[in-house]
Number of protein chains: 2
Amino acid sequence: MSNPLPVLDVTATPCCAPLTRSPIGESDAERVAAMFKALGDPVRLRLFSNVASAEGGEACVCDIQDVGVSQPTVSHHLKKLREAGLLESERRGSWVYYRLAPSALRVMSDLLSPVST
Amino acid sequence: MSNPLPVLDVTATPCCAPLTRSPIGESDAERVAAMFKALGDPVRLRLFSNVASAEGGEACVCDIQDVGVSQPTVSHHLKKLREAGLLESERRGSWVYYRLAPSALRVMSDLLSPVST
DNA sequence: ACGCTGTTTCGATGGTTGTCGATGTCGACA
DNA sequence: TGTCGACATCGACAACCATCGAAACAGCGT
């Protein structure tokens, strides 16, 4: 568990300049699009927000799974969020806790930052 | 043209608090996810960045369509970006110019802003 | 060892999406 | 009016995806 498929290692590269600064390159676009795509589903967005706004910065699946779909579907979406590098998970006892990946938010926020100056 | 399908009127509501602040609601999630989804494709992300980084804040299709797919596909993706409320278009003479929707960037950036405080 | 609860994986299915070539539309310019 | 160039739409197809129920897996308590 914990991070079986870190397809995107967000922490590795701060990644590219803001989208407004210069045209994003082909390979960067691939990596970044995967992150936005992960947030491009209402269920995943709510799960992400549930984790992001949780007390102590983390939450177990049982605390966030009330999003209107079956439990296996919740697990499926959490896996997608993990693979996109947005969430990390860790098993403690019976429960699996999810927290934000360290720099995920900043990377995306920076990419979308309006004109800067 | 210009905006045949403003499915999401971004300018209307500043929309919800940052995702880290409180769990996003069901209907807000629907609207916001559509925006992220639009950026969740490498081709669309490059088109968006090409427009966003263009001189004068706008560009005609002919200037940004070099993203490795056919012309109909480019047009298809630009339509998606329009429908998501991220881009606006306007015909002037022979050419169609695209520019960023006014508050699109700020809305998304704010949603992803890390912990504020 | 057994059952219980929380979580993930599996297999199937219906719907969505990215892509293309062909065709249509609109404006410019002879 | 006719043609050309810039974009958009249409129709089709393959690939992908969200969702579910069923089954497997992992700890915990008894």
Side-chain angles (χ1 to χ4, degrees), chain A residues 1-7 26 29-30 33-48 50-51 54 58-84 86-99, chain B residues 1-7 26 29-30 33-48 50-51 54 58-84 86-99:
Chain A
M1 183 89 43
S2 161
N3 255 349
L5 293 167
V7 172
E26 189 170 350
E30 207 97 25
M35 303 180 66
F36 286 124
K37 187 175 188 176
L39 292 183
D41 178 276
V43 171
R44 280 197 293 269
L45 190 62
R46 294 181 66 194
L47 289 171
F48 182 82
N50 283 352
V51 170
E58 61 178 17
C60 81
V61 178
C62 56
D63 286 333
I64 60 174
Q65 71 184 195
D66 187 22
V67 289
V69 296
S70 74
Q71 195 277 329
T73 302
V74 168
S75 189
H76 165 73
H77 283 306
L78 287 173
K79 183 179 182 180
K80 287 288 192 74
L81 288 167
R82 257 185 288 137
E83 291 175 357
L86 299 182
L87 294 182
E88 294 175 351
S89 68
E90 180 192 357
R91 176 157 218 144
R92 285 206 300 275
S94 299
W95 296 277
V96 176
Y97 290 86
Y98 278 79
R99 78 185 80 82
Chain B
M1 181 97 34
S2 159
N3 254 347
L5 294 168
V7 171
E26 190 169 350
E30 207 98 25
M35 303 180 66
F36 287 125
K37 187 176 189 175
L39 293 183
D41 177 275
V43 171
R44 279 197 296 270
L45 191 62
R46 294 181 66 195
L47 288 171
F48 182 82
N50 283 351
V51 171
E58 61 177 16
C60 81
V61 178
C62 56
D63 287 332
I64 59 174
Q65 73 183 184
D66 187 23
V67 288
V69 295
S70 73
Q71 185 272 325
T73 302
V74 168
S75 191
H76 166 73
H77 284 305
L78 288 173
K79 182 179 183 180
K80 287 286 192 75
L81 288 167
R82 257 186 289 137
E83 291 176 356
L86 299 182
L87 294 182
E88 293 175 351
S89 68
E90 180 191 356
R91 175 157 217 144
R92 285 206 300 275
S94 299
W95 297 276
V96 176
Y97 290 85
Y98 279 79
R99 78 185 78 83

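Convention: sequence-line order gives letters A, B, ...; per-chain numbering from 1. Bear in mind the structure is a predicted one, so any value in this text is a computation, not a measurement.
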Revision key, fill the gap. When every non-hydrogen atom of Trp95(B) is compared with those of Cys62(B), the smallest separation belongs to CD1-SG, 3.7 Å
Practice item. Would you kindly give the CG-to-P distance between Leu45(B) and dG18(C), to the nearest whole Å? Key: 13 Å
Check your understanding: What's the CG-C1' distance between Asp66(A) and dG6(C), to the nearest Å?
Key -> 16 Å
Check your understanding: Which whole-number value in Å describes the distance from Glu90(B) CD to dC7(D) P?
Key -> 13 Å
Review point. Taking five pairs at each end, how big is the angle between the two axes of the helix from dA1(C)-dT30(D) to dA30(C)-dT1(D), to 10°?
Key: 20°
Point to revise | Heavy-atom closest contact (His77(A) atom, Val43(A) atom, distance) | key: CD2-CG1, 3.5 Å
**Study point:** Rounded distance (Å) that lies between atom P of dC4(D) and atom CH2 of Trp95(B)
**Key:** 17 Å
Study note, to complete from the structure: Whether each nucleotide of nucleotides 15-30 of chain D has a protein heavy atom under 4.0 Å at its base (B), only at its sugar-phosphate (S) or at neither (-) is summarised, 5' to 3', as --SSBBBB----SS--
Exercise for review: Round to a whole Å and report the spacing from NZ of Lys79(B) to P of dT19(C).
Suggested key: 16 Å
Exercise for review: Work out which heavy atom in Arg44(A) is nearest to a heavy atom in Lys37(A); give both atom names and the distance.
Suggested key: NH2-O, 3.4 Å
Review point. Does Tyr98(A) have a side-chain nitrogen or oxygen under 4.0 Å from the phosphate oxygens OP1 or OP2 of dT8(C)?
Key: yes
**Study point:** Ala84(B) to Ala38(B) - nearest heavy-atom pair and separation
**Key:** CB-CB, 3.5 Å
Check your understanding: How about Gln71(A): does its CD atom have over 12 heavy atoms from other parts shown lying under 6.0 Å from it?
Key -> yes
